[in-house]
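We count ligands from 1, going down the list as the structure has it; atoms in each ligand are counted the same way. In this text, all values refer to a predicted model and were calculated from it rather than measured experimentally.
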Amino acid sequence: MLTKIKEIAENIAPRLIDIRRHIHAHPELSGQEYQTAVYVAGILSSCGLHVRESVGKTGVIGELEGKGIDQRILAIRTDMDALPIQEQTKLEYASRHPGIMHACGHDIHTTLGLGTAMILSQLPETLPGNIRFLFQPAEEIAQGASWMVQDGAMQDVSGVFGVHVFPSIPARSIGIRYGVLTAAADDLEIFIEGESGHGARPHEAIDAIWIAAQVITTLQQAISRTQNPLRPLVLTIGQITGGRAPNVIASQVRLAGTVRSLHPETHANLPEWIEKIVAHICHTYGAKYQVNYRRGIPSVQNDQDLTKITEEAAREAWGSEYVQILTEPSLGAEDFSIYLQHAPGTMFRLGVGRLDQRNHPLHHPQFEVDESSIITGVVTLAYSAYKYWLG
Ligand code: NI
């Protein structure tokens, strides 16, 4: 089976590169993947899949029918959206849409979903059950997975595979992670209200900027003194707004940030922990406050059995020297975790790093990939799907 999968992959490789370059040249922002969706739906239809469009707003589902002797449905999820970044590569197929770029490799992901569908649609006699290809919109704003699930994408699904490119792993290699892969990511907003006054007479006012500074500093220090150091927690205030003039004491400040954590217990206690610190400081100096803590997306927890399947598929396909078992999770976030609330799943990292030049990180205007990774990705996904039914 592996030989057959590899053979088909080699045959369609030039077509997959064309597809990837077309998608790369025509990136669309989260929730606006209209042309990408039409393009994806067209290819899926031509492979004989049952296609549903406008799932989760601009998402697409392609269902490949197996022999129907196994009622389980395996989902393979890829995402389609790009970022509001002006591309600065000199590629001939660089973005033709000003200010929008596939800088997170979702053009590769979409191509992998299509390539896997192309391969497996040529081998339907080997599939005991159905495979559902999920082409998700709006991953970058962490909403697309929820939209897809609301529209029934996970109905009757018993397992889900996902993939994300990774520039610090060289192309042709696969990164496998057991357990926690990514962090829970929440949004934090803090309003502090003091009292305005003359910049020369601070004792007659309540300085919201100074209090905001105390809040930021204390939160960072409190992580080191009150949180378990073996359970990672990152709190970043990325925005501060407040104040109107250099010589006027600010009455209002808004702080906004992101909070990343890996441990469920840490995650559960965060709103209370933050509110207590903010309340204490504001109370001491007579300011009013409001803390808005919004739960974002949970942490991706890779399922043991399904991770084993991808690991074995990759080892058999490429040899153990091309499989890295990742010892550390990432504090990045992935809305793949939303699917995992409905079925077990696993996401592997696809190496796209080039050996001959510097590799820029994800979300960088000069981010580029080694396109040989496309074959590595489709074969690994297709063979993992095949092995799924054996387990
Ligand atoms: Ni991404």
Side-chain angles (χ1 to χ4, degrees), residues 20 23-24 26-33 36-37 40 56-60 75-87 89 95 97 100-116 133-148 160-169 171 174-177 180-185 258 260 296-302 326 329-340 345-353 359-371 373-374 376-378 380-381:
R20 185 262 157 159
I23 298 171
H24 189 86
H26 302 90
E28 294 175 295
L29 290 174
S30 305
Q32 297 170 36
E33 304 86 343
T36 311
V40 163
K57 300 188 184 175
T58 40
V60 180
I76 294 179
R77 176 273 205 168
T78 52
D79 42 13
M80 305 190 290
D81 54 328
L83 287 156
I85 292 175
Q86 178 63 46
E87 180 160 351
T89 68
S95 171
H97 298 167
I100 308 178
M101 177 189 178
H102 268 296
C104 197
H106 298 192
D107 51 338
I108 296 281
H109 303 166
T110 306
T111 308
L112 295 180
L114 290 170
T116 308
F133 292 89
L134 310 178
F135 292 86
Q136 177 202 313
E139 195 285 325
E140 294 294 354
I141 56 170
Q143 305 210 15
S146 300
W147 298 346
M148 294 287 285
V160 54
F161 287 132
V163 56
H164 204 294
V165 300
F166 213 55
S168 58
I169 298 176
I174 299 278
I176 298 285
R177 168 81 189 158
V180 188
L181 179 74
T182 61
T258 180
R260 310 290 173 108
I297 43 176
S299 151
V300 169
Q301 309 267 344
N302 279 341
L326 305 173
S330 147
L331 284 167
E334 227 320 323
D335 75 359
F336 183 66
S337 56
I338 300 292
Y339 300 104
L340 302 183
T346 191
M347 170 176 268
F348 67 86
R349 296 203 186 280
L350 177 67
V352 293
N359 290 297
H360 293 286
L362 297 170
H363 294 208
H364 190 284
Q366 286 164 278
F367 174 69
E368 285 182 41
V369 303
D370 180 333
E371 287 179 322
S373 59
I374 294 173
T376 313
V378 291
T380 306
L381 275 172

### Message
Students often mix this up, so state it plainly: with edges at 30° and 60°, are the rings of His364 and His360 parallel, tilted or perpendicular?
### Response
parallel
### Message
Closer than 3.5 angstrom, by distance alone: can the side chain of Glu33 be matched with the main-chain N or O of Gly31 as a donor-acceptor pair?
### Response
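Yes, Glu33 side chain to Gly31 backbone: donor-acceptor pair under 3.5 Å.
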### Task
Not counting sequence neighbours, which residues clear salt bridge (charged side-chain N to carboxylate O under 4.0 Å, His left out) with Asp81? List them please.
none
### Task
Just jot down the salt bridge (charged side-chain N to carboxylate O under 4.0 Å, His left out) partners of Arg77, sequence neighbours excluded, or say none.
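Expected list: Asp79, Glu334, Asp335.
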### Results of side chain to side chain donor-acceptor pair (under 3.5 Å) for His24 - residues two or more places apart only
Arg20, Glu87, Asp107
### Message
I'd like to know if the side chain of Glu368 pairs up with that of Thr89 as donor and acceptor (distance under 3.5 Å, no hydrogens or angles considered).
### Response
no
### Task
Please report the number of protein N, O or S atoms that lie less than 2.8 Å from the Ni ion (ligand 1).
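Count of protein N, O, S atoms less than 2.8 Å from the Ni ion (ligand 1): 3.
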